[in-house]
Amino acid sequence: MKVVVAGLGNMGRSHALAYHAHPDAQIVGLVNRSDIDLPDDLQGYTRFAAFEEALALRPDLVCIATYSDSHADYAIAAMEAGADVFVEKPLATTVEDARRVVDVATRLGRKLVVGYILRHHPSWQRLIAEARALGGPYVFRMNLNQQSDGDTWATHKALMETMSPIVDCGVHYVDVMCQITDAAPVRVSGMGLRLSDEIAADMYNYGQLQVWFEDGSVGWYEAGWGPMISETAFFVKDVVSPNGSVSITDGDKGASDDVDGHTKVGGILVHRRSGDRLIEMQGEPGHQELCDAQAAFLIDAIQTDADLTRHMEDAVQSLAICLASDASIRSGHPINLGDTQ
């Protein structure tokens, strides 16, 4: 399976290493606008500065890990060139573009997988299963705040040229909420604040969203980026129901900008009135192993002709919720999701 990887930042390098290691994949091109240092395993591959040049190789699979504003156009171009596609989250910067990508995948019969890395993590799968076993309606309390400076702050500022933190990171955790409740989202509201003059005047680097679901469940998600962000309680993951709660308990997660810590669970505390049960999640996969799992998932979906309809629809739904919260922040009013989809 001939593979092209576009975008060689932190995520792109990890995805490229995943395809390098997979026995059914052969990288034929790496795409990045600038010349950057790569791990030894990736040194021998042909590099391109332009995405179109790599597509001329007629790859079977294209992995897109560029900045968000290019995701939709690159994904569509790759599918129209005959390739199946992996695209990092978020799928697009607008719901309309996300829907356009899914429509093209459906029309052309291409496989489209979006980089929802938590879906491939056994500990997060267990967290979702334990929460669903409690029964709803639910209260979701989730955040991922990142104290960043130096190169990481530079990356965050570049991301915020097109996308706010509550959209870029929020899609992961809103997707978890949706998997647990399995109810339609009906309304969102949000608030945000610009805490740095190093970002655009119309952008905010701290945001919070609230979402209401059709079954009565409610969710809260918070995200902040920058050198001013507190390391205290930067990672909260609680699900509460009338019958108890499920929480991630691991307190040894390292610094908030450590990507391995963002997916790590370590322990899951299940609380019921009858008592508490701590589930130790040992041998958790690291960041590279999760990228390996995503590559394997797409290759298997291609080889088995798996139906990815629900996967694609879920990606659009979580993005719609987060983008609506962004619209709420900018307008100062709650957003009814039926008005935006």
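Residues V186 and V139 share a hydrophobic cluster, clusters being chains of Ile/Leu/Val/Met/Phe/Trp/Tyr side chains in contact below 4.5 Å. Hydrophobic clustering (side-chain heavy atoms under 4.5 Å, transitive across Ile, Leu, Val, Met, Phe, Trp, Tyr) keeps M11 apart from V3. Under a hydrophobic-cluster definition in which Ile, Leu, Val, Met, Phe, Trp and Tyr are linked whenever side-chain heavy atoms come within less than 4.5 Å, directly or via other members, L91 and V62 are assigned to the same cluster. Following chains of ILVMFWY side-chain contacts shorter than 4.5 Å, one cannot reach L337 starting from W220, and the two form parts of different hydrophobic clusters. Transitive grouping of hydrophobic side chains (ILVMFWY, heavy atoms separated by less than 4.5 Å) brings V246 and F213 into a common cluster.
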Determine, stepwise, if the pair M191 / L209 fulfils side-chain contact (heavy atoms from CB on, under 4.5 Å). CA-CA 7 Å; M191 61 183 182; L209 67 82; over 6 Å; no
Go through the steps for D314 and R119 under the test salt bridge (Lys or Arg N to Asp or Glu O under 4.0 Å), then give the verdict. CA-CA 11 Å; D314 286 353; R119 285 185 168 228; 2.8 Å; yes
Is there a side-chain contact (heavy atoms from CB on, under 4.5 Å) between E198 and W153 once you walk through the steps? CA-CA 10 Å; E198 297 179 48; W153 178 226; 3.1 Å; yes
Show, in sequence, the C-alpha distance, side-chain angles and deciding distance for L118 and D175, and conclude whether the side-chain contact (heavy atoms from CB on, under 4.5 Å) test is met. CA-CA 9 Å; L118 299 181; D175 180 58; over 6 Å; no
Might you work through the side-chain hydrogen bond (donor to acceptor under 3.5 Å, both in side chains) test for Q294 and Y116, ending with a clear yes or no? CA-CA 9 Å; Q294 290 181 100; Y116 282 66; over 6 Å; no
Show your reasoning for whether side-chain hydrogen bond (donor to acceptor under 3.5 Å, both in side chains) applies to D215 and T181. CA-CA 8 Å; D215 68 344; T181 179; 2.6 Å; yes
Does the pair L319 and T94 meet the rule for a side-chain contact (heavy atoms from CB on, under 4.5 Å), with working shown? CA-CA 8 Å; L319 178 63; T94 68; over 6 Å; no
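Y19 pairs by the ring pair (Phe, Tyr, Trp, His ring centres under 6.0 Å) definition with nothing, not counting sequence neighbours. With sequence neighbours excluded, no residue satisfies ring pair (Phe, Tyr, Trp, His ring centres under 6.0 Å) with H271.
Remark: side-chain polar atoms of S328 are not paired, donor with acceptor, to backbone N or O of A324 under 3.5 angstrom. A donor-acceptor contact shorter than 3.5 Å is absent between the side chain of H15 and the backbone of V5. A donor-acceptor contact shorter than 3.5 Å links the side chain of Q288 to the backbone of S14. At distances below 3.5 Å, at least one donor-acceptor pair connects side-chain atoms of N143 with backbone N or O atoms of A233. Distance alone, capped at 3.5 Å, is enough to place a donor-acceptor pair between the S318 side chain and the A315 backbone. A donor-acceptor pair is defined here as one N or O able to donate and one able to accept, closer than 3.5 Å; such a pair exists between the side chain of R132 and the backbone of I180. Using a distance-only test at 3.5 Å, with no hydrogens or angles considered, no donor-acceptor pair links the side chain of R58 to the main chain of K2. Between the T249 side chain and the G267 main chain, a donor and an acceptor come within less than 3.5 Å of each other. K111 places no side-chain N or O within donor-acceptor distance of the main-chain N or O of L61, the cut-off being under 3.5 Å. Looking only at distances, no side-chain donor or acceptor of S325 sits under 3.5 Å from a matching main-chain atom of S189.
Between Q146 and C169, the closest side-chain pair of non-hydrogen atoms falls below 4.5 Å. Side-chain contact between L42 and L17: present, with at least one pair of heavy atoms (C-beta onward) separated by less than 4.5 Å. The side-chain heavy atoms of R272 and L134, taken from C-beta on, include a pair separated by under 4.5 Å. Looking at heavy atoms from C-beta onward, M177 lies out of side-chain contact with I321 at the 4.5 angstrom threshold. Using a 4.5 Å cut-off on side-chain heavy atoms (C-beta onward), H121 and I117 make no contact.
Between E313 and R99, at least one side-chain N (NZ, or NE/NH1/NH2) sits under 4.0 Å from a carboxylate O, which counts as a salt bridge. At a threshold of 4.0 Å, the pair R126-E130 counts as salt-bridged, since one of the basic side-chain nitrogens sits closer than that to a carboxylate oxygen. A salt bridge is absent between R13 and D41: the closest approach of a Lys/Arg side-chain nitrogen to an acidic carboxylate oxygen does not fall below 4.0 angstrom.
Note that OG of S164 and CG of D326 are 4.5 Å apart. Values are rounded to the nearest 0.5 Å. The structure places CD1 of I166 at 13.0 Å from CG of L144, a figure rounded to the nearest 0.5 Å. Note: D276 CG to S245 OG = 7.5 Å, rounded to the nearest 0.5 Å. Distance CG/N145 to CD1/I229: 6.0 Å, rounded to 0.5 Å. The distance from the CG atom of L269 to the CD1 atom of I248 is 11.5 Å, given to the nearest 0.5 Å. How far CZ of R107 is from CE of M79: 9.0 Å, rounded to the nearest 0.5 Å.
Here the closest non-hydrogen pair linking R100 and A72 is NH2-CB, 4.1 Å. Between L112 and H311, the shortest heavy-atom distance links the atoms O-CD2, 3.7 Å. The two residues R194 and A201 make their nearest non-hydrogen contact at NE-CA, 3.6 Å. Minimum heavy-atom separation, P242 to G135: CD-O, 4.2 Å. Of all heavy-atom pairs spanning Q210 and G190, the tightest one is OE1-N, 3.9 Å. Nearest heavy-atom pair, H71 versus T66, reported as atom, atom and distance to 0.1 Å: NE2-O, 2.7 Å.
Classification of the Y173-W124 ring pair by plane angle, with boundaries at 30° and 60°, yields tilted. Between W225 and H156, the ring planes lie parallel to each other; the angle is under 30°, not in the 30° to 60° tilted range. Ring-plane geometry between Y74 and F51 is classed as parallel, the angle between the planes falling under 30 degrees on a 0 to 90 degree scale with a further cut at 60.
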Identify all side-chain donor-acceptor contacts of residues 26-40 below 3.5 Å with residues at least two apart in sequence or on another chain.
residue	atom	partner	partner atom	Å
N32	OD1	L8	N	2.9
N32	ND2	S34	O	3.0
N32	ND2	S34	OG	3.4
D35	OD1	R47	NH1	3.1

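Atom CD of E53 has more than 12 neighbouring heavy atoms from other residues, nucleotides or ligands inside a 6.0 Å radius.
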